[in-house]
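Bear in mind the structure is a predicted one, so any value in this text is a computation, not a measurement. Letters A, B, ... are given to chains in the order of the sequence lines, protein chains preceding strands, and every chain is numbered from 1.
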2 protein chains.
Amino acid sequence: MKVSREQMAENHRAIVEAAGRLFRERGFDAVTVAEVMKAAGLTHGGFYGHFRSKDDLIAKTIEHALAQAPGPSADLDGYAARYLSEGHRDDRAGGCPTAALATETMRQSPEARAAMTAALKRQIDALQLQTPGTDAAERRQAAIGSWAAMVGAIILARLSDDPQLSDEILRETRAWIGEGRGAAT
Amino acid sequence: MKVSREQMAENHRAIVEAAGRLFRERGFDAVTVAEVMKAAGLTHGGFYGHFRSKDDLIAKTIEHALAQAPGPSADLDGYAARYLSEGHRDDRAGGCPTAALATETMRQSPEARAAMTAALKRQIDALQLQTPGTDAAERRQAAIGSWAAMVGAIILARLSDDPQLSDEILRETRAWIGEGRGAAT
DNA sequence: TGTACATCAGTGAACGCGCGTTCACTGATGTAC
DNA sequence: TGTACATCAGTGAACGCGCGTTCACTGATGTAC
């Protein structure tokens, strides 16, 4: 059952996309190659025509998901409001790859970790551009600090089995970031 | 080879302690029951005399590790300086259980998640007490915001394969948290 | 206090299941003429 | 443009390894007398 070149490219994309959602939702280890293939509408045997190994899929999936993730195009507060929304918290499968997979990626292949680091640098640079203020060092500090707070808050909000606490973490971190940090110095 | 009651209690403690270090270092899935028992100086067969299952061990280990973790006894800045130190970043096995295991614990048993949530509440309350300011709501906001930033920064610093970026994240987040947040309002 | 024996914590071989990976096969694609 | 055939993407059965879990056994503990 050979398929056309276009169909094969489309299948490849479907595999990476399905893996991206499943990995973010359940983690690398809990998702099987067969599950990913099934979610992509294929059978598990064809997997090795697309990837060298599950580790290879993981690395490629991380790169793809990070490339897809929307960067901060609005102002810092607007971005934080979207990032720290209940909608984002509840959409782990479609949300920020860093928040969903950072801890596990540390222990993956060097390629996977390098892709995450590169995305982290891009994110900090992009946030710095959206941060108000004239002093570049000060804006970089605010970019790093607020990115750390956003990632930490989403993780803690998802962790909490108490919905009120979860909402509070999002709300208060949003307010804390927007509190005119730079204005204090 | 029956052992004395004291020895058995000591063995139990050794298992939980070894599991705590191994889980924080490599994650729940990558650590085998046999490895934990070996690290505790025992053989794998005896495991089920101490725990009902690996999941049971995970829940008990999380509770134990969280109970052991030192809370913020100093002022907020002093605590942040220790938490965001290079030493803590490099000691994943002995460091903060939340930073090491939060993402994976979300998908574990309800007991494990509940233990993490309880620890999160305790941590926020304790941080609030160490936060300067008179307005309680404002201090709680600072406690939540800075805890999110601390957890996020340690995770991002550990993720980065670029040592300079990693150091910078710790340093700038420390400075950002200490920037006299409360004084701005 | 000393002795006999029941208990039971720990041992290590074995089991069974699940998952990553392989492979012989199928049949649609796409190229050569 | 139409036809014959080589290619090769996808299929699904099978393999083998590793890990959680079980179990018959061992021998030290600790209790009954």
Between B/Gly45 and B/Arg5, just flag the one whose closest nucleotide in DNA chain D comes earlier from the 5' side.
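Comparing both residues, the 5'-ward one is B/Gly45.
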Identify, between A/Gly46 and B/Ser53, the residue whose nearest nucleotide on DNA chain D lies closer to the 5' end.
A/Gly46
Check: A/Leu101 and A/Phe28 side chains under 4.5 Å, non-hydrogen atoms:
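A side-chain contact exists here, since the closest heavy-atom pair is under 4.5 Å.
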Do A/Val36 and A/Thr61 come close enough that some side-chain heavy atom pair is under 4.5 Å?
no
One thing to verify: whether [Y] and [X] come together as a salt bridge, which I'm taking to mean a side-chain N less than 4.0 angstrom from a carboxylate O.
X: A/Glu104; Y: B/Arg107; value: yes
X: A/Asp167; Y: A/Arg171; value: no
X: B/Glu10; Y: B/Arg13; value: yes
X: B/Arg140; Y: B/Asp125; value: yes

Checking B/Thr117 side chain against A/Asp161 main chain: does a donor-acceptor pair fall under 3.5 Å?
yes
Pairs counted as Watson-Crick or G-U wobble with both distances under 3.5 Å: what dot-bracket string results for DNA chain D, using | for bases tied to another strand?
.||||||||||||||||||||||||||||||||
In Å, rounded to the nearest 0.5 Å, how long is the span from CE of B/Met116 to OG1 of B/Thr105?
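B/Met116 CE to B/Thr105 OG1: 3.5 Å, rounded to 0.5 Å.
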Base, sugar-phosphate alone, or nothing: which one does [X] contact when heavy atoms must sit under 4.0 Å apart?
X: B/Gly49; value: nothing
X: B/His44; value: base
X: B/Val36; value: nothing

What are the bounds, 5' to 3', of the part of DNA chain D that sits under 4.0 Å from heavy atoms of chain B?
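The footprint of chain B covers D/dC19 to D/dT31.
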Closest-nucleotide mapping onto DNA chain C: is B/Leu42 or A/Glu35 further toward the 5' terminus? I mean the 5' end.
B/Leu42
